[in-house]
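Fair warning: this is a prediction, and the values are worked out from it, not measured in the lab. In what follows, chains carry the letters A, B, and so on, assigned in the order in which the sequence lines appear, proteins first and then strands, with residues in each chain numbered from 1.
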Amino acid sequence: MTLRESLSSLLLTGPAALALVLFIFLPVTVVFVLAFTDYQIGASGAGWVGLDNFAQLFGSRLGRNAIFNTLTYVAIVIPASVGLGLLVALGLHGLAGSLPRITNALKAVYFLPVAATLVAMAVSWQMLLHPSLGLVNTWASALGWPAPLWLSDRDLVLYTLAVIGIWQTVGYNMVLFLAGLAAIQPSLYDAAEVDGATGGWSRFWLVTWPMLGPTTLFVLVVTAANAFRVFETVATLTKGGPAFASDTIVYALYREGFVYFKAGYASAITVVFFLALLLLTALQVWVIERRVHYR
Amino acid sequence: MKRLILLGLLALGAVAVLLPFIWMVSVSLKPQSEIFTASVTLLPRAPTLANYWQAVTQTAIPRYLLNGVIVTGGILALQLLVSVPCAYALAHREFRGRGLLFAAILAALLAPFHVTAIPIFLGLAHLGWLNSYTALILPFTATAFGLFLLRQAFARIPAELIDAARVDGLSEMAIAWRIAFPLAMPTVIAFAIFSVTAHWNDLFWPMIATTDPDLATPPRGILFYRDAESGDEPGPLMAGAVLITAPLVLAFLLSQRRFTQGLANTGLKG
Amino acid sequence: MSDILHSPAKGDLPALSLCDVSKRFGETEVVSGFSLDLYAGEFVALLGASGSGKSTTLRMLAGLERPTSGKVMMRGQDVTALRPAARNIALMFQSYALYPHLSVRQNIATPLRQAQLSAAARLPGAGLVSPRTRATEAAIAGRTKEVAEMLRLGELLDRKPGQLSGGQQQRVALARALVRDPSAFLLDEPLSNLDTALRNSTREEIRELHRSTGHAFLLVTHDQADALSMADRIAVMIAGRIAQCAPAAEIYHRPANRDVARFIGAHRMNILSPGAEAAALHPHGAKIEIGVRPEALRIDPEGALTATLTSAAFHGEETLLHLRTPAGTALLAVIDGTASLPAKGTQIRLGAPAARLHGFDATTGQRVEITP
């Protein structure tokens, strides 16, 4: 390798490598250090506090509340949006042969929330769910149903946010499932037919479901990772309220770090959030290695 | 018959998905009197563009849209400027540390932006760069995802083609930009759609890095506006929401295939 | 035309037959007026180029495709409306279509489980509850093992298809097709994914399987070597129709028309249009086309045909001579590789034994008997 060539490589890769170090690796390292300090943004110094920040997160009512809310949200959004995404994909896949145009239009509609600006859509959801001016409660009272306070009832708000989360991710999951369905060899369905799996149900269990295995796993992990990060709807609609009933991990991170300037504590939240995501990825790799690739 | 039931169910679901869109557009077209009424209807009875006129002339929404263009454009330009040569080198050159660099990119893929926000904020504050376009754009220069996607696309270009360019006397930088970049255009477009959508829609970082409404990106801006009008003018607010959502939604409707690929196939991050 | 002419008289109803079957996709007719009888114990090959409609024919036999018109019969019963599983026909797919998530054992057992166990009984653990399910499961396991051993798969039963070689996958596909004792066995290009060495041994293996099971076999292939080496009868399919259905030797020596003549054989048959040159080879040549296979042409100083050598290609044991007659017809001759080569541009006299000449009607292309 000549000097000239080395310089050339440096010129090509240097800026990107520098950016990676500066904006990813260095900050991640700093976060892991800050998490063990009581640093406050603007303070001139900081003290080493060991695991205190983590103890606070897992020990305080507020910290546990944020974790519990996030897990609840994730536990609702994952099965609902993956299940609905699969159902819509199966339906559209079944119709695609006979009604290609309608299928395409429906596909676009279901995907629309993915492309739309979530904050703006959340503002629209807010109007839709408005106690007196909103359409939902107007219709509900017209039918004689109760008209709840969707976004300010402490027992309801998290579920309302979950519904919006599901609304936003179904189309995304549908597209991934459609790609998975399109990749199934048609001859497998022929084989199933010859082997006697004639009903839609037995075809589904013998071919479709197992062949969608890798797709389903991928969809599950992507949905989980995105649900863990829920922030936009919380910041737009509830700011974690009322009374922290919709406080979530990333919103707590934002609040503690950038509203209360508790950089040390916010870093501890960040570390926990990051480790949870890593665990999820590790789980995915492990499951893929073991089962889903059929090798 | 079975097919008809299926179609009916899917159409019903589609209407449910569309409801917030319909409502947003509907309210934006309603006169004030129709919004503040006891008999709320789905569609406006006397549609008017007055809310749009107000949103465009009397609010900062045009400014937010402009900020959105500047920030997303700046981010994409910087990302490509830095990533294309590096991805090219990773795909088609031998150099010491190549394996390490690629491993670093894969590792960096695991860290969402939320994880790096606090230290980056502290660094920018230290430099006095908060509340500027720089603060909104610069941190996103590093895109492990873009590097990875582009490297995969460049690796599919035959090595002979690169060697031919070398024989023809092109410099390595010229090969990266004049040979590899155009040949990987579908991937570049997919990445551009991904990057622009992600940053146009992002609320997290703009909420942290800026407090100045003049620098607000569209999502940040619409919240500024909403909190200022405090519920008195939902009409213009919805008109603003429509204006902010429209660019990406229209782009999606015009090139559905590319958009779906850009957002779904590149779906690891988001 | 009648294709039943050459079917062996068994005094029995055919195991499987297509009666005047046509299939149209939109505007295009892929199979037209197709009739074929397949008797128990017979091995028939359906030979055609890609796009000739042979795969569609196979799919109609299996029940995966419904004919636009015509009937599919099994032992005299109309099965046109029956689903594939109800016909008890085995089908081996070109891609093998093994279920990648199931083990070899489960793959082979699938047709039996689908037929003999209810949906509830197929659930894992159902055998713990019901003794009858347990008995059925045991019978299925026994049969699976038996078929697996017949195909030398006994050691591989717990592997997944992804862990097997191409040849092993092929045998699993065969086993899955055979396991329920089908009344007819359809093979769709079974050898196309195997390398040359494996092809030869697998041909022998399939022949052996046919002999030992006694089922009716139908092989669909585009490769004449497969058809010639395995089948008792070959149905040559051209443009959606049967062009000829006969034993291999007859198809080669007495092709029913010009298309078959050109399709069959290692080298394309030379055809001389009616005229002086054709007449030089055979007296009828003045009015009809005369065909002669390249391997039947030989250099003969007394030969009736003159042609100029345009190029020669040495292929080891044989040499291909490309020639042109004064009338401009391109000819191909295959001669022994040891023969000395005449120089390019030389005039050569060629002859062929009268028994190896074929006559075809110039307009219809149908065979005209000219050999004594």
Applying a strict 4.5 Å limit to non-hydrogen atoms, the region of Tyr39(A) in contact with chain B is side chain

Check Val31(A), Leu26(A), Val28(A) against Thr116(B) for a side-chain contact (heavy atoms from CB on, under 4.5 Å) and give me the one that passes. Val28(A)

Could you list all the side-chain hydrogen bond (donor to acceptor under 3.5 Å, both in side chains) pairs where at least one residue sits in residues 12-26 of chain A, not counting sequence neighbours? none

Counting a contact as any heavy-atom pair under 4.5 Å apart, which residues of residues 256-263 of chain A contact chain B? Phe258(A), Ala263(A)

Residues two or more places apart in sequence or in another chain: which of them pass side-chain contact (heavy atoms from CB on, under 4.5 Å) with Leu12(B)? none

Can you say whether Val27(B) sits under 4.5 Å from chain A via the side chain, the backbone, both, or neither, judging by heavy atoms? side chain

Bottom line for Leu278(A): the part with an atom under 4.5 Å from chain B's heavy atoms is side chain

Less than 4.5 Å to any heavy atom of chain B: does that hold for the side chain of Leu11(A), its backbone, both, or neither? both

Let me know if Leu128(A) has heavy atoms under 4.5 Å from chain B in its side chain, its backbone, both or neither. both

Portion of Leu277(A) that has a non-hydrogen atom of chain B nearer than 4.5 angstrom: side chain

Engaged part of Leu135(A) at the chain B interface, taking heavy atoms whose separation is under 4.5 Å: both

When Ile244(B), Val15(B), Leu9(B) are compared by non-hydrogen pairs under 4.5 Å with chain A, the top option: Ile244(B)

Could you list the residues that satisfy side-chain contact (heavy atoms from CB on, under 4.5 Å) with Ala239(B), not counting sequence neighbours? Ser28(B), Asn51(B), Tyr52(B), Ala55(B)

If I measure from the heavy atoms of chain B, does Thr281(A) come under 4.5 Å with its side chain, its backbone, both, or neither? side chain

What I'd like to find out is whether the side chain of Pro112(B) reaches to under 4.5 Å of the side chain of Phe274(A), using heavy atoms alone. yes

